[in-house]
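Chain A is the first sequence line, chain B the second, and so forth, proteins listed ahead of strands; every chain is numbered from 1. Scope of the values below: all heavy atoms of this structure, side chains included, with no hydrogens, waters or symmetry mates.
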There are 2 protein chains.
Amino acid sequence: MNGQPKVPVPTLARLATYYSLLREAEEAGVETLNSARIEGLSGIAATQIRKDLSRFGELGKPGVGYNVSELREHIGKILKLDRVQHVVIIGAGRLGQALAAYPGLADYSFEVVGLFDSDAKKIGKTLSGHLVRDVATLSKSLPGLGARIVAIAVPASSAQGAADAAFAGGARWLLNFSPTHIKSPADCLVRDVSFTQEFAVLAHYSEDK
Amino acid sequence: MNGQPKVPVPTLARLATYYSLLREAEEAGVETLNSARIEGLSGIAATQIRKDLSRFGELGKPGVGYNVSELREHIGKILKLDRVQHVVIIGAGRLGQALAAYPGLADYSFEVVGLFDSDAKKIGKTLSGHLVRDVATLSKSLPGLGARIVAIAVPASSAQGAADAAFAGGARWLLNFSPTHIKSPADCLVRDVSFTQEFAVLAHYSEDK
DNA sequence: TACTGTGAAGCGCTTCACAGCG
DNA sequence: CGCTGTGAAGCGCTTCACAGTA
């Protein structure tokens, strides 16, 4: 998709974890952190942490560790959290509202710039601090909102329609919270978050001893 | 006594996908489905599907495919969705409410038997159809609720405390929706669902302007 | 001495090619 | 012939052992 060195998704996920933990350490005034301490804070093995970070250059100092703010900044650049990322949310139900109001998003420089729904009772109202707009207008208004990322928080039956409207509006990165498979153009990336899947995995383990 | 063969987590996740899609096919009156059709419905490669299913015996018929209701039932047993799974949710904020009311949970035979919060304004009220109870009483009331699985939907700052109360009440399987690492006893299993992590992974792929 | 960086080994999931059965 | 089941190859992430550096 772009010409940068490919970073494995599991690594990216861990980088997001480091980022969040480094933010907290920075606010607490911690200046350096070594891989063993990061393991204690994150549950991720120290060797794994060093391996992840070494991919991007020599970020740490032997005998000392990693400089907290430098490392946070560096990871921010890799994850592109060094700029504001505009996000649009489709679906103003409980989940959509939860996402729209989620404080964690702001911590990562995500900004919700639009909340859409198809329910006439919700359109025009302000929910979770956002004006609810008609999803029928999505594909036309999306380019003007400058949103790179669209989150789908609608029931399974309307998910593909919502996604198609997003694609028509130029969206290329989707986070799909609906429990259904979304067919997407080849140059688009859809990431699924399935609550039921997570519960089901846990259920499988629920009886062994 | 763990006599069952270990099933990889990625496989379990896909089984949950098959299960959901088979439910729909069953309701639509479809009797058989072959791996190519399941690929079309799920986006999962046909060879992967056959490999996944072959692990549990010869479930399909060459030249025909898989019997929809038989397969759904079989997967239900593997994932232990053939019985009601009681779930307790800690945190009655927007996310906790979204989970408590999520229709997908009922489709998988999950039943929310308790919704807890620490906010005195919420305790005693009914939200998303559930009475909100005081989280301070959680560890005592948990055994009586018969919940195997506990979902943590509280802010990061109270997540460890909520988890500890759940562990004290005998919970051993946690779904953690808070953006923080939870320390858990060795015989407990914590699965993390991090919205910000998912957004961050997507952000990495977003194009430079 | 304390800690990072890294080549190599290890391991598990995925993909392939094709055997086997209805 | 159509479609599943499977041993084997492929591949990528993780873990290990230790070299290298402040």
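Contact annotation for A/Leu59: backbone-only contact, meaning every heavy-atom pair under 4.0 Å involves sugar-phosphate atoms and none involves a base. The residue B/Arg14 sits close only to the backbone: its heavy atoms come under 4.0 Å of sugar-phosphate atoms, none of a base.
Other residues, nucleotides and ligands contribute over 12 non-hydrogen atoms within 6.0 Å of the CD atom of B/Glu111.
Put simply, CZ on A/Phe56 is 13 Å from P on C/dT6, counting in whole angstrom units. Rounding to whole angstrom units, CG of residue B/Asn34 and C1' of D/dG5 are separated by 15 Å. As a whole-Å value, the separation of A/Leu53 CG from C/dC3 P is 16 Å.
A ring-centre distance under 6.0 Å is not found for B/Tyr108 and A/Phe199.
Every residue two or more places apart in sequence or in another chain that forms a salt bridge (Lys or Arg N to Asp or Glu O under 4.0 Å) with A/Glu27 is listed here: A/Arg23. By the salt bridge (Lys or Arg N to Asp or Glu O under 4.0 Å) test, B/Glu26 pairs with B/Arg72, sequence neighbours left out. The salt bridge (Lys or Arg N to Asp or Glu O under 4.0 Å) search around A/Arg14 returns A/Asp52, not counting sequence neighbours. The salt bridge (Lys or Arg N to Asp or Glu O under 4.0 Å) search around B/Arg191 returns A/Glu198, not counting sequence neighbours. Every residue two or more places apart in sequence or in another chain that forms a side-chain contact (heavy atoms from CB on, under 4.5 Å) with B/Ser42 is listed here: B/Thr17, B/Leu21, B/Ile38, B/Ile44, B/Ile49.
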For residues 90-102 of chain A, tabulate all N or O donor-acceptor pairs below 3.5 Å that involve a side-chain atom, not counting sequence neighbours.
{"residue": "A/Arg94", "atom": "NE", "partner": "B/Ser128", "partner atom": "OG", "Å": "3.0"}
{"residue": "A/Gln97", "atom": "NE2", "partner": "A/Ala92", "partner atom": "O", "Å": "3.0"}

Donor-acceptor contacts, no H, no angles, side chain residues 155-162 of chain A, under 3.5 Å, sequence neighbours left out:
{"residue": "A/Gln160", "atom": "OE1", "partner": "A/Lys183", "partner atom": "N", "Å": "2.9"}
{"residue": "A/Gln160", "atom": "NE2", "partner": "A/Asp164", "partner atom": "OD1", "Å": "2.9"}
{"residue": "A/Gln160", "atom": "NE2", "partner": "A/Lys183", "partner atom": "O", "Å": "3.0"}

Each nucleotide in nucleotides 16-22 of chain D should get exactly one letter: B, S or -. Can you fill that in based on protein heavy atoms under 4.0 Å? ----BBS
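Five base pairs at each end of the helix from C/dT1-D/dA22 to C/dG22-D/dC1 define two local axes, and these are offset by 10° (rounded to 10°).
Contact annotation: A/Tyr66 does not reach the phosphate of C/dA2 (side-chain N/O to OP1 or OP2, under 4.0 Å). Close to C/dT4, at under 4.0 Å from its OP1 or OP2, lies no side-chain N or O of A/Ser54. An OP1 or OP2 oxygen of C/dC13 is reached within less than 4.0 angstrom by no side-chain nitrogen or oxygen of B/Gln48.
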